[in-house]
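Below, chain A is the first sequence line, B the second, and so on; all start at residue 1.
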Amino acid sequence: MPWRGEKDPYRVWLSEVILQQTRVDQGWSYYLKFLKAYPDLSSLAQAREEEALLAWQGLGYYSRCRHLLEAARMIATRFGGKFPERHEDLLSLPGVGAYTAAAIASFAFGLPHAVVDGNVIRVLARFFGIGMAPGTAEGKAAFAGLADRLLDRKDPGMHNQALMDLGAQVCSPRSPSCPHCPLQGRCIAYRSGQIKLLPTRDPGPRVTDRYFHYLVIQAGDSVYIRKRTSNDIWKHLYEFPLIETKRPLGPEKLIRSRPFCDLLGNLDFRIWETRKAPLQKLTHRRIHGSFTRILVPESSARLEGFLRVPVTELSRYAFPRLIFSFLQGNPLTLLGLMTGL
DNA sequence: AATCCGGGGCG
DNA sequence: CGCCCAGGATT
């Protein structure tokens with residue numbers, strides 16, 4: 001690896017920040033570019049953010065670049081232009097978290113702080129057969145503690161580098177080179193055939209259920225809709241009047257519920273039918289939808305806060321798939337004629 | 001504790 | 001093309 005043996009804290013810091021969430025072959029040219037434009041701390045502290053961001057362009061996670069300049073200026077003022085050595089001081093720099101602080105402390109200053117990045121976690125999880133998910137508080141503590149106990153205090157920088165190199169080049173995420181791994185014989189995951197299962201992937205966002213009861217209120221050839229504006233799923237898409245509940249609610253209870261009466265209270269209405277929508281699965285939600293078709297006289301007062309739209313023009317509005325699918329399977333026309341309302 | 005922040009690589 | 005990767009800040 002090109003940064004092997006680098007001891008200059010500025011260079012270590014710069015490379016570690018650039019290499020956060022970034023592959024070496026993607027980030028390395030940016031590192032060289034930055035080093036050329038800003039060869040030392042003071043030149044970076046004086047850099048114009050516009051210019052630095054331009055150099056960062058295409059690398060992503062642009063707050064890293066802003067934090068870089070912020071931290072450089074903080075070092076210039078608060079630390080008298082001298083790169084801080086204490087882990088605690090490093091942590092106080094914007095954009096420097098536990099990983100980067102440990103990397104600088106150990107690589108540049110030889111201080112005994114264990115780095116715990118994705119590579120290290122993968123090696124430890126496999127070698128020791130640890131099934132805890134790294135993203136949980138429990139898992140974080142476990143891997144950090146283990147890495148710290150394992151650290152070679154004679155040469156923390158070398159130890160950290162070796163562990164990360166092993167994770168990056170041999171103990172890779174998908175198809176690790178176990179046949180070439182020096183630790184193969186003592187690797188719990190390898191010996192028990194758990195390589196593909198470790199490390200345990202973080203639990204996805206926990207899935208919660210939401211119950212959306214849509215009221216398809218038809219007045220003659222028109223129907224009521226509105227735009228979703230709150231910070232929620234489907235923002236800026238349209239929908240029918242909605243009653244949401246935290247628990248399942250049958251049609252009978254729905255039409256006697258408070259929100260239902262508030263909405264339709266003094267209107268002359270007739271329930272036509274209720275049908276359930278197929279379960280809609282989102283990343284962290286399951287939407288249980290239902291559509292209750294309700295007829296009101298064409299002449300009835302307009303519902304406040306809603307658009308009254310001819311059913312033939314519904315195609316001009318963007319709906320969530322849940323609603324769009326319902327519309328495709330349930331043409332809303334002719335209902336008024338059939339019922340005489 | 002959950003969510004956001006951008007890219008690229010891989011199957 | 002969808003899935004995966006991942007450190008730090010924010011809320």
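- By the side-chain contact (heavy atoms from CB on, under 4.5 Å) test, A:Gln57 is found to be paired with A:Leu54, residues two or more places apart in sequence or in another chain being considered.
- Note: A:Phe260 and A:Phe269 meet the aromatic proximity criterion, with ring centroids under 6.0 Å apart.
- Taking a cutoff of 4.0 Å between a charged side-chain nitrogen and a carboxylate oxygen, A:Glu273 and A:Arg275 qualify as a salt bridge.
- Scored by the salt bridge (charged side-chain N to carboxylate O under 4.0 Å, His left out) test, A:Arg11 finds A:Asp8 as partners (sequence neighbours excluded).
- Near DNA chain C, meaning a heavy atom under 4.0 Å away, the residues from residues 84-97 of chain A are A:Leu93, A:Pro94, A:Gly95, A:Val96, A:Gly97.
- Sorted by first and then second residue, the ring pair (Phe, Tyr, Trp, His ring centres under 6.0 Å) pairs involving residues 146-193 of chain A (not counting sequence neighbours) form an empty list.
- Ring orientation note: the planes of A:Phe83 and A:Phe109 are tilted relative to one another, at an angle of 30° to 60°.
- Looking only at atom types and distance, the side chain of A:Arg86 has no donor-acceptor partner in the side chain of A:Ser92 under 3.5 Å away.
- Protein chain A contacts DNA chain C over a range whose 5' and 3' limits, counting nucleotides with an atom under 4.0 angstrom from a non-hydrogen atom, are C:dC4 to C:dA9.
- Between B:dG8 and C:dA9, the distance separating the two P atoms is 24 Å to the nearest Å.
- Residue pairs meeting the salt bridge (Lys or Arg N to Asp or Glu O under 4.0 Å) criterion with at least one partner in residues 307-316 of chain A, sequence neighbours excluded, are A:Glu313-A:Arg316.
- When the P atom is used for both C:dA6 and B:dG11, the distance is 15 Å, rounded to whole Å.
- Sorted by first then second residue, the side-chain hydrogen bond (donor to acceptor under 3.5 Å, both in side chains) pairs that include residues 98-115 of chain A, not counting sequence neighbours, are A:Glu16-A:Tyr99, A:Gln20-A:Thr100, A:Ser106-A:Asn160.
- Of the residues in residues 108-130 of chain A, those lying under 4.0 Å from DNA chain C by heavy-atom distance are A:Asp117, A:Gly118, A:Arg122.
- Under the side-chain contact (heavy atoms from CB on, under 4.5 Å) criterion, A:Pro112 pairs with A:Leu151, A:Arg153, A:Pro156, sequence neighbours left out.
- In A:Arg226, the CZ atom is crowded: over 12 heavy atoms of neighbouring residues, nucleotides or ligands sit closer than 6.0 Å.
- One side chain, A:His213 or A:Thr245, offers a donor N or O that lies under 3.5 Å from an acceptor on the other.
- A cation-pi arrangement is present between A:Lys33 and A:Tyr30, with the terminal nitrogen or guanidinium carbon under 6.0 Å from the aromatic centre and inside a 45° cone about the axis.
- Nearest heavy atom pair, residue A:Arg201 against residue A:Ala133, reads O-CB, 4.0 Å.
- Partners of A:Arg256 by side chain to side chain donor-acceptor pair (under 3.5 Å), not counting sequence neighbours: none found.
- Against DNA chain C, the stretch residues 63-75 of chain A makes heavy-atom approaches under 4.0 Å through A:His67.
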I'd like a list of close polar pairs between nucleotides 7-11 of chain B and the protein, N/O only, cut-off under 3.5 Å.
{"residue": "B:dG7", "atom": "OP1", "partner": "A:Tyr62", "partner atom": "OH", "Å": "2.8"}
{"residue": "B:dG9", "atom": "N2", "partner": "A:Arg174", "partner atom": "NH2", "Å": "3.2"}

